[in-house]
Amino acid sequence: MNPILDVVVRSVCVYLFMVIAIRLFGKNQLSQLNAGDVVLLLLISNAVQNAMVGENTSLEGGIVAALVLFAANFTLKD
């Protein structure tokens, strides 16, 4: 598989998982997050980073992952 396409697919999967998990746990608005929730989100983002980019640690891979996350958020935004 193309390395860039791999980053796109992985990023979309992680984004969808995170959206579903946050909705299931009832935190659908940023104002409802407390300090512990924000810390948890930061730790989760660090934990799933490799799931999105895999072996691709290039600048291009990071930019593609970020772009896919912004696009997925824009598409699924309420």
Side-chain angles (χ1 to χ4, degrees):
M1 178 184 271
N2 181 339
I4 298 301
L5 182 59
D6 187 45
V7 171
V8 170
V9 170
R10 288 169 175 262
S11 297
V12 168
C13 289
V14 169
Y15 178 80
L16 292 175
F17 169 78
M18 292 301 299
V19 167
I20 291 168
I22 289 172
R23 299 243 178 200
L24 286 176
F25 287 99
K27 302 290 184 176
N28 58 1
Q29 293 182 5
L30 187 59
S31 63
Q32 293 178 338
L33 299 177
N34 61 33
D37 294 328
V38 173
V39 169
L40 177 64
L41 286 175
L42 291 172
L43 291 171
I44 289 171
S45 67
N46 191 37
V48 300
Q49 173 192 5
N50 290 336
M52 288 189 290
V53 295
E55 298 293 321
N56 188 347
T57 58
S58 67
L59 175 62
E60 184 181 59
I63 290 173
V64 168
L67 181 63
V68 168
L69 293 173
F70 278 115
N73 188 53
F74 181 76
T75 303
L76 297 177
K77 210 162 96 175
D78 292 350

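Values in this document were obtained by computation on a predicted structure and should not be read as measured data.
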Count I, L, V, M, F, W, Y as connected when their side-chain heavy atoms are under 4.5 Å apart, and connections chain through other members. Are L67 and Y15 then in the same cluster? no
Exercise for review: Treat each ILVMFWY residue as a node, draw an edge where side-chain heavy atoms are under 4.5 Å apart, and state whether F70 and L16 are in one component.
Suggested key: no
Of all heavy-atom pairs linking V68 and S11, the shortest is CG1-CB, 3.6 Å
Only residue of V9, V48, L69 satisfying side chain to side chain contact (heavy atoms under 4.5 Å, CB included) with V14 is V48
